[in-house]
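Report on the structure given below.
To find a chain, count down the sequence lines: A is the first, B the second, and so on, and within it residues start at 1. Keep in mind that what you see is a predicted model, and the values were worked out from it rather than measured.
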Amino acid sequence: MAARPDKPLHLHILSMPSHLPVVRAAVEKLCQQLGFSAETAGKIILSVDEALTNIIRHAYDEKPDKPIEVELTPLCDAIQIVLRDYGRPVDPSVIRSRDLNDLRPGGLGVHIMTCCMDRIEYRPVEDGAGTVLTMTKRLPKKNHEE
Amino acid sequence: MSKQPEKSPVKEIVRKDQAAIVKVVGDVDLNCSVEFQQSLMELLDSSPPPKKIVIDLTGVPYMDSSGVASLVKLLSRTRKSGATICLAGLCQRVRSVFEITRLDSVFKVCANSEEALK
């Protein structure tokens, strides 16, 4: 049986949609190795994908050649995902889920991330160049104790 | 039957009486959601427009909120036109996106396209 990963995995991608499946595959593999169920892994993958989609659309206005750094860190009882962009900074005070009773396309990404992850933190970088988004998902207790 | 642009995840549309079965294949994400929505809107604008649209997602292992948004737009337009829409063949991962966004109670969901056509 392969050893449990304990070092961070760094991916440097560009803000192009064709890079999203590559990140999804990496997140899925790491989640499997850490012992997340397929269902929870699916939610983590979806959250990372939605966050990257928001970066591409809103921080970089869909320009496809901008850098995004992805750091996937196995913790003893969780996975931590850090996404760093260098685009338009996010104001954490204006990020919120929308009313799901309002049937309209779009605006679901923040709700998905909030619903699927245990912790989400947006931190604008001090010099105004971009945002650091940190998301954490804990392993179920029984996996942690095994 | 109509063929779709290469980048669209809509690979085939089969017309059957007044219904249209839309076969979608592959991940539906930001990479192809514009083309996905375009294919769906072209179907609605076709002549004669279908009275019932079955979105066959059997071949879709993954969908993000941009794909869901395309289906919400289709639903909004079909409600105005009086047509009905049904999603068929969702795998657990795709079904989960609709559950998280609470859209599983908004869309009619069937096990497969045969059931959806009944």
Problem - Shared hydrophobic cluster for B/V68 and B/M41 (ILVMFWY, side-chain gaps under 4.5 Å) - result: yes
Exercise for the section: Would you confirm whether A/E50, through its side chain, and B/D64, through its main-chain N or O, come within 3.5 Å as a donor-acceptor pair? Expected result: no
Practice task
Please name the residue in the list A/P17, A/S18, A/P21 that meets the side-chain contact (heavy atoms from CB on, under 4.5 Å) test with B/D29.
Solution key: A/P21
Exercise for the section: Nearest 0.5 Å please: distance from the CE atom of B/M63 over to the CG atom of A/D49. Expected result: 12.5 Å
Fill in the blank from the handout: Output for pair (B/E99 CD, A/C115 SG), nearest 0.5 Å, gives 10.5 Å
Practice task
Measure the OG1-CG distance between A/T53 and B/L30 for me, rounded to the nearest 0.5 Å.
Solution key: 4.5 Å
Practice task
Decide whether A/I56 and A/V82 are clustered together by the hydrophobic rule: side chain heavy atoms of Ile, Leu, Val, Met, Phe, Trp, Tyr closer than 4.5 Å, transitively.
Solution key: no
Handout entry: Heavy-atom neighbours of A/R138 CZ exceed 12 at 6.0 Å
Key = no
Practice task
Identify which part of A/I45 has an atom lying under 4.5 Å from any heavy atom of chain B, answering side chain, backbone, both or neither.
Solution key: both
Handout entry: Contacting moiety of A/L20, where chain B heavy atoms sit under 4.5 Å
Key = side chain
Exercise for the section: Decide whether A/I79 and A/V132 are clustered together by the hydrophobic rule: side chain heavy atoms of Ile, Leu, Val, Met, Phe, Trp, Tyr closer than 4.5 Å, transitively. Expected result: no
Exercise for the section: Answer whether the closest heavy-atom distance between the side chains of B/N31 and A/M16 falls below 4.5 Å. Expected result: no
Problem - Flag, side chain of B/R93 to backbone of A/A38, donor-acceptor distance under 3.5 Å - result: yes
Handout entry: Minimum heavy-atom distance between A/H111 and B/I100, given as atom pair plus value
Key = NE2-O, 2.7 Å
Exercise for the section: Tell me, yes or no, whether the heavy-atom count around B/K23 atom NZ, taken from other residues, nucleotides or ligands under 6.0 Å, exceeds 12. Expected result: no
Practice task
Verify the cluster assignment for A/I13 and A/V27: are they in a single hydrophobic cluster under the rule of side-chain heavy atoms below 4.5 Å apart?
Solution key: yes
Problem - Closest approach of B/S96 to A/K43 (non-hydrogen atoms, all atoms of both residues) - result: OG-CE, 4.1 Å
Problem - Greater than 12 external heavy atoms within 6.0 Å of B/Q92's CD - result: yes
Problem - Linked, directly or transitively: B/V25 and B/I13 (ILVMFWY side chains, under 4.5 Å) - result: no
Fill in the blank from the handout: Heavy atoms of A/G109 and B/S65 approach each other most closely as N-OG, 4.2 Å
Practice task
Please report the closest heavy-atom contact between B/S66 and A/R57, naming both atoms and the distance.
Solution key: CB-NH2, 3.9 Å
